[in-house]
Amino acid sequence: MTQGKIVAGVIAPHPPHIVYAENPAQNEPTAECGWETLRWGYERLRNSLESTDFDSIVIFSPHWQTYVGTHFLGVERFQSLSVDPIFPNLFRYHYDLHVDVELSEQICNTAADQGLVTKMMRNPDFRVDYGTIVAGHMTRPAWDKPIVGISSHRLTNYFSADVMQRHMHTLGKATKEAIEKSGKRVLLLASHSLSHRHFTTETELPEDMSKEHISNHSQYLWDMKVIELMRQGKTKELFHLIPDFVEHAVAETDSGALTWLLAAMDFPSKPATLHGYGTVIGTGNAIVEWRLDEGGAS
Ligand SMILES: [Fe+2]
């Protein structure tokens, strides 16, 4: 069997607003427009990914929150309605997705072998979180590739960002090892925003872009700092800055998604491609791609 490979690693942010603004058939609310810089960024990502082939998509989501270890989707098919708890007016999405249970189990077992607490989610009625769904939809709206869903072990909340870094570094290495053994070509999605301080009220028309901006200048400076490190290929420096980024910018990297992604890619020094940056209710969001195969725009 040929060795498996991570074809690309992507930061794929998941504000429900961008699915709302896309008006897909699966989502009940409809919008006039909105958050185009991010939606066009996802369009550029999809175009870039057309030049490679892959078998499965692994998605790490901050909104599947587990306090005892890392969990993995372990049922062949999930079908239900996902309603965003904060924005039910924007996101009521009917999903129907397939899981690569074999790869899911391989990553779960490899991570356990390396000392992490892991568990397979076998409940067929489990409600898949919107962080997984939005990143999956915006990257691959056809849903024609099976996914592996990975939960966010809330180590930053329960212990500290430093403890999270150590565990998610191990999870990333285990993910790489399991994928290589699987023989599959795999796309990784770290579903998260960058700076994450957001407004506490919503405008009457959610897609009124005259009201959309970063929550404050210090958050913007942090976002530009981490994006520049990505564009320069300084992923090890970025890794070491994550705890400070979490503390100063309330960054959604507290989830471990970015740490996992960087470790799984083995800290590439190749410059990443920034497909788009934009704010959603004041939070900073970037669509960033590292191509690890021969193709891509980077
Ligand atoms: Fe989020």
Side-chain angles (χ1 to χ4, degrees), residues 9-22 27 29 34-35 37-39 41-42 45 57-67 70-71 73 82-93 95 97 126-139 147 149-158 161 164 168 188-202 206-207 212-216 219-220 222-223 226-227 242 245-261 275-288:
V10 172
I11 298 175
H14 59 247
H17 305 64
I18 50 180
V19 164
Y20 163 68
E22 289 277 295
N27 198 33
W35 304 278
T37 56
L38 282 167
R39 290 166 47 219
Y42 264 115
L45 170 68
I57 305 174
V58 179
I59 308 174
F60 185 122
S61 174
H63 292 282
W64 180 11
Q65 303 190 347
T66 52
Y67 278 82
T70 298
H71 298 204
L73 293 182
S82 173
V83 179
D84 185 295
I86 312 294
F87 300 102
N89 54 326
L90 306 183
F91 192 80
R92 297 192 299 278
Y93 186 99
Y95 63 89
L97 56 87
F126 177 69
R127 192 75 54 84
V128 178
D129 72 285
Y130 74 90
T132 301
I133 293 169
V134 171
H137 176 92
M138 294 303 292
T139 304
I147 69 161
I150 303 182
S151 78
S152 165
H153 184 191
R154 306 306 285 171
L155 291 158
T156 303
N157 304 71
Y158 205 72
M164 175 278 289
M168 292 304 106
L188 302 185
L189 303 184
S191 169
H192 65 89
S193 299
L194 299 181
S195 69
H196 206 241
R197 192 173 289 283
H198 50 74
F199 308 144
T200 54
T201 57
E202 189 176 44
E207 59 265 44
E212 184 62 77
H213 56 83
I214 192 75
S215 62
N216 65 61
Q219 304 279 291
Y220 189 77
W222 261 110
D223 285 346
V226 298
I227 286 171
I242 287 174
F245 184 38
V246 167
E247 187 172 338
H248 292 264
V250 204
E252 210 175 22
T253 52
D254 69 331
S255 62
L258 181 59
T259 308
W260 163 79
L261 180 70
H275 289 298
Y277 174 82
T279 66
V280 179
I281 55 164
T283 66
N285 298 271
I287 298 145
V288 183

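Being a predicted model, the structure only gives us computed values, none of them experimental. In what follows, residues are counted from 1 in the order of the sequence shown. We count ligands from 1, going down the list as the structure has it; atoms in each ligand are counted the same way.
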Could you tell me whether the side chain of Asp254 and the main chain of Pro62 form a donor-acceptor pair under 3.5 Å? no
Can you name the N/O/S atom of His63 that is nearest the Fe ion (ligand 1)? NE2
Kindly give the atom name of the N, O or S atom of Glu252 closest to the Fe ion (ligand 1). OE2
Checking only N/O/S atoms, does His196 have one that is under 2.8 Å from the Fe ion (ligand 1)? no
Would you say Glu252 and Ser195 make side-chain contact, with heavy atoms under 4.5 Å? no
Under a 4.5 Å cut-off applied to non-hydrogen side-chain atoms, are Arg127 and Tyr95 in contact? yes
Indicate the ring-plane relationship of Trp260 and Phe60, choosing parallel, tilted or perpendicular according to the 30° and 60° boundaries. tilted
